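Since the structure comes first, as structure tokens, the remarks are kept for the end.
Keep in mind that this is a model prediction, so the values were computed, not measured.
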Amino acid sequence: MTKKIELAPENNKLCEKICSISGEVVTMCDQCGTCSASCPMAAEMDINPSEMMKMSQLGMEEVLETKAIWLCASCFTCVVRCPRGLDLSKVAEALRQIKLRQAEDHMDIKKLTIEELEGLPQIALISACRKFTG
Amino acid sequence: MSQTKIAYYPGCTLKTTAKNFEDSALAVARALDIELVELPKWNCCGTVYSLTDDNLMYHIAPVRNLLRVKQMVRDELVTDDHRMVVLCSMCYNALKRTNLRVKENPEDLQKINDFMYLEDDDYELNVDVIHFLDLLKEIGVEKIREKVVKPLNGLKVLPYYGCMLLRPKEVGIDDPEEPNLQENILAALGAEPIDSPYRKVCCGSYLTVDNKYVVVELAYKILSHAQKAGAQALTTSCPLCAFNLDNRQKEIKEKYPGFKNIPVFYFTQLMALAFGLSNECYGFDLHHTKPEPLLKEKQLC
Ligand code: SF4
Ligand code: SF4
């Protein structure tokens with residue numbers, strides 16, 4: 001059976017951008033839902049990981065405004081399980097990067113109290129800055 | 001037998017909140033005739049492997065560290081001429097994945113080497129990044145068992161792996177779904193490894209910085225399932241997992257008053273304890289949930 005996803009030309013752009021930043025061919029996702037079933041963060045997300053893939057395929061700008069892209073913790077559980085060999089963690093990173101590269105930070109480190117800053121291990125602070133700031 | 005000297009990358013957190021991880025691991029290695037020789041000059045690896053395909057900038061920091069091993073070989077600081085040992089799971093993952101990426105993409109490596117033109121050497125892909133658990137596997141459980149003077153009898157421990165040691169597959173040190181490296185070591189120490197599907201579930205990682213309640217929920221799930229399965233303690237090799245599973249017990253307790261605190265160890269601390277090494281390397285003062293009451297109950301300290 002041939003599967004075909006037609007993109008409206010104006011949406012092609014976002015889809016292409018996601019593919020080029022992530023290096024993943026998001027149109028290969030066949031929506032099996034394995035990622036959503038495996039994701040430890042899915043319960044907290046507003047859209048689940050397979051919906052993130054679908055919206056990326058369709059180039060829907062709304063995906064950039066979801067909480068889910070910031071809740072993906074790059075745990076790679078979906079990556080080892082995707083039957084299509086797709087790396088959803090890279091897609092989520094691409095979506096975050098599209099926002100961050102427009103100088104829209106997701107986190108303001110200055111809002112942390114001195115006590116919090118002193119208590120957190122460096123790897124936590126550095127990785128959060130890497131993921132949430134541009 | 002002459003001592004093996006092997007390059008060792010500590011990373012930032014092993015000098016601060018996870019000092020007890022470094023101290024106990026170095027002492028354990030020494031007991032096994034291995035000297036972990038710290039890189040004379042190292043920098044932060046960036047902690048997370050950069051997942052974008054179009055930006056090489058973030059791969060420079062890890063490559064710069066790999067480059068240092070060559071100098072160490074030249075200066076005869078190490079006897080193992082091609083490996084670098086890492087303890088922190090996050091650093092391990094970032095360094096190992098970057099190494100793989102530049103191995104698979106010679107053009108990227110060329111660009112990175114060109115960028116680092118002030119360095120004396122180019123990075124020539126001569127380094128294998130390994131985790132301390134890889135090294136212990138190579139040494140074998142027999143030798144570990146021989147060193148045990150104080151068996152951890154009756155101690156039920158959940159070996160927690162989290163993400164960075166196991167995934168993705170190409171850098172995982174063990175089977176991503178059924179790991180057993182820590183189990184084998186714990187059994188060799190005389191402890192009883194406990195099984196739970198939660199040993200591979202993410203603790204929430206860096207979300208602890210700006211969304212700590214997501215982490216509190218996940219940590220509560222991981223810890224309470226461990227307790228239900230009979231665990232009296234957990235082991236880890238990640239200072240961020242340790243923070244989320246140990247320090248966040250404060251917030252767990254506030255939200256779930258019925259929660260019973262449970263100590264979280266670095267696996268090397270339990271090895272040091274069983275090997276009867278000097279208690280200066282334990283560093284229990286850095287724990288939120290103090291392990292001494294459990295260890296006293298088991299007559300281990
Ligand atoms: S597991 Fe892979 S193929 Fe299945 S929905 Fe997720 S990304 Fe798509
Ligand atoms: S990598 Fe992200 S999307 Fe995939 S399972 Fe982990 S948290 Fe969920």
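Of all heavy-atom pairs between B/Leu51 and A/Lys90, the closest is O-CG, 3.5 Å.
Taking CD from A/Glu93 and CG from B/Asn55, the interatomic distance works out to 10.0 Å, rounded to the nearest 0.5 Å.
Contact annotation: the side chain of B/Asn211 never approaches that of A/Met107 to less than 4.5 Å [non-hydrogen atoms, C-beta and beyond]. Contact of the B/Leu207 side chain with the A/Phe132 side chain is registered, since non-hydrogen atoms from C-beta on lie closer than 4.5 Å.
For residues 62-74 of chain A, the set of pairs meeting the salt bridge (Lys or Arg N to Asp or Glu O under 4.0 Å) definition, not counting sequence neighbours, comprises A/Glu65-A/Lys99.
In this structure, a donor-acceptor pair under 3.5 Å is absent between the side chains of B/Tyr49 and A/Ser74.
By a heavy-atom distance cut of under 4.5 Å, A/Pro40, A/Met41, A/Glu44 are the residues of residues 36-49 of chain A near chain B, going up by number. Residues of residues 81-89 of chain A lying within less than 4.5 angstrom of chain B, judged on heavy atoms, are A/Arg81, A/Asp87, A/Ser89 in numerical order. Chain B is approached within less than 4.5 Å, heavy atom to heavy atom, by A/Ile123, A/Ala124, A/Leu125, A/Ile126, A/Ser127, A/Ala128, A/Arg130 from residues 123-130 of chain A, ordered by number.
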In sequence, state the C-alpha distance, the side-chain angles, and the governing distance for B/Thr16 and A/Glu118, and then conclude on side chain to side chain contact (heavy atoms under 4.5 Å, CB included). CA-CA 10 Å; B/Thr16 55; A/Glu118 280 176 357; over 6 Å; no

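Of the two parts of B/Cys203, neither the backbone nor the side chain holds a non-hydrogen atom closer than 4.5 Å to a non-hydrogen atom of chain A. Proximity to chain A is absent for every atom of B/Lys221, based on heavy atoms less than 4.5 angstrom apart.
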